[in-house]
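Structure first, commentary second.
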Amino acid sequence: MSTPSAMPLSTDELREITGYAAHCARRVLPLFEVGHPDDPRPREAVEGAEAFAGGAPRSAVLRAQATAAGRAAAAAANPAAAEAARAAGQAAAAAYLHPLATPHQVKHVIGSAAHQARADELAAGGDESVGAAAVHWAVGQAPPAVRAVLRRMPVVAAGRGRGGDLLRELDAALRR
């Protein structure tokens with residue numbers, strides 16, 4: 001196994017990527033909240049990511065919010081809600097992108113966008129054209145830092161299932 005190479009990553013890029021991830025997650029947050037109105041964990045993760053993107057420091061609170069949103073996903077009543085909560089968790093986790101060129105780090109850059117696409121698709125009864133439209137939307141929302149950082153990383157490896165398909169579609173489209 002080779003050692004991953006270091007890549008340049010500025011704080012400004014990290015904030016831009018996190019802001020993008022939060023924007024994607026916020027888009028599907030209602031899919032979680034409609035069925036779980038008393039569970040603030042995904043919203044708190046999105047708001048924490050937005051605060052970091054706006055200049056707040058990374059903190060243990062933000063990391064805890066990412067983890068808590070993941071727990072909310074595990075407890076969600078339906079698959080679309082779970083994907084929306086995962087998008088929120090990935091948004092908060094984006095602030096912890098490491099300057100290592102690994103496929104795993106690609107998920108920190110675009111994982112929130114992939115989960116929002118899957119959440120939209122599941123909310124539409126599994127209609128893959130809805131997922132494709134959500135990918136198209138996410139590509140159009142991506143700021144320059146998302147594309148620049150992805151181009152410094154290896155292409156995301158083949159994953160399992162529809163979520164992996166959406167992640168690869170995003171990765172390919174954003175590298176163009």
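Predicted model, so just to flag it, every value in this text is computed and none were measured.
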* **Side-chain H-bond candidate by donor/acceptor type, H115 with E83, under 3.5 Å** => yes
* To do: For C24 and A138, work out which heavy atoms get closest and say how close.
  => SG-CB, 4.4 Å
* **Q65 side chain reached by R41 side chain, heavy atoms, under 4.5 Å** => no
* Same apolar cluster (I L V M F W Y, side chains within < 4.5 Å links), V46/L14 -> no
* Asked: Honestly curious: do V139 and M153 fall in one hydrophobic cluster under the side-chain, below-4.5 Å linking rule?
  -> yes
* To do: Work out which heavy atom in A80 is nearest to a heavy atom in A123; give both atom names and the distance.
  => CB-N, 3.7 Å
* To do: Quick one: pull up CD in E121 and CG in L166 and give me the separation to the nearest 0.5 Å.
  => 5.5 Å
* Does the side chain of S129 come under 3.5 Å of the side chain of D127 through a donor N or O and an acceptor N or O? -> yes
* Do Y96 and L150 share a hydrophobic cluster, counting only Ile, Leu, Val, Met, Phe, Trp and Tyr and linking them when any side-chain heavy atoms are less than 4.5 Å apart? -> yes
* Nearest-0.5 Å distance, CD of residue E169 to CD1 of residue I110 -> 10.5 Å
* **Verdict with supporting geometry, V146 and E16, side-chain contact (heavy atoms from CB on, under 4.5 Å)** => CA-CA 8 Å; V146 168; E16 209 172 313; over 6 Å; no
* Compare all side-chain heavy atoms of F52 with those of S59 and state whether any distance is below 4.5 angstrom. => no
* To do: With side-chain contact (heavy atoms from CB on, under 4.5 Å) as the test, would you mind laying out the steps for R43 and E33 before giving the verdict?
  => CA-CA 8 Å; R43 177 169 291 280; E33 291 179 332; 2.6 Å; yes
Would you list the atom pairs, donor with acceptor, under 3.5 Å between side chains in residues 25-32 and any protein atom, with sequence neighbours excluded?
from	atom 1	to	atom 2	distance (Å)
R26	NE	E50	OE2	2.7
R26	NH2	E50	OE1	2.8
R26	NH2	E50	OE2	3.3
R27	NH1	Q116	OE1	2.7
R27	NH1	D120	OD2	2.5

* May I ask you to say whether R118 pairs ionically with E128, meaning some side-chain N is under 4.0 Å from a carboxylate O? => no
* Structure fact -> Shortest non-hydrogen pair, G89 vs A66, comes out as O-CB, 3.6 Å
* N/O donor-acceptor pair under 3.5 Å between H36 side chain and A77 backbone -> yes
* Do you reckon V135 sits in the same ILVMFWY cluster as L122, going by side-chain contacts under 4.5 Å, direct or chained? -> no
* Asked: For Q105 and V109, what are the C-alpha separation, side-chain angles and deciding distance, and is it a side-chain contact (heavy atoms from CB on, under 4.5 Å)?
  -> CA-CA 7 Å; Q105 295 303 313; V109 178; 5.9 Å; no
* Same apolar cluster (I L V M F W Y, side chains within < 4.5 Å links), L174/M7 -> yes
* Has the side chain of T18 got a donor or acceptor atom that lies under 3.5 Å from a matching backbone atom of A95? -> yes
* **Heavy-atom pair with the smallest gap, counting every atom of A117 and A134** => CA-CB, 3.5 Å
* Asked: Where is the tightest heavy-atom contact between P37 and G35, given as atom of each residue plus distance?
  -> CD-C, 3.5 Å
* Asked: Salt bridge or not for E13 and R152, using N-O below 4.0 Å?
  -> yes
* To do: Using a strict cut-off of less than 4.0 Å between a Lys/Arg side-chain nitrogen and an Asp/Glu carboxylate oxygen, indicate whether D165 and R168 qualify as a salt bridge.
  => yes
* To do: Quick one: pull up CG in L97 and CD1 in I17 and give me the separation to the nearest 0.5 Å.
  => 5.5 Å
* To do: Search all heavy atoms of A69 against all heavy atoms of P42 and return the closest pair with its distance.
  => CB-CA, 4.1 Å
* Side-chain donor/acceptor of Y20 to backbone N/O of A113, under 3.5 Å -> no
* Taking atom OG of S112 and atom NE2 of H23, what is their separation to the nearest 0.5 Å? -> 10.5 Å
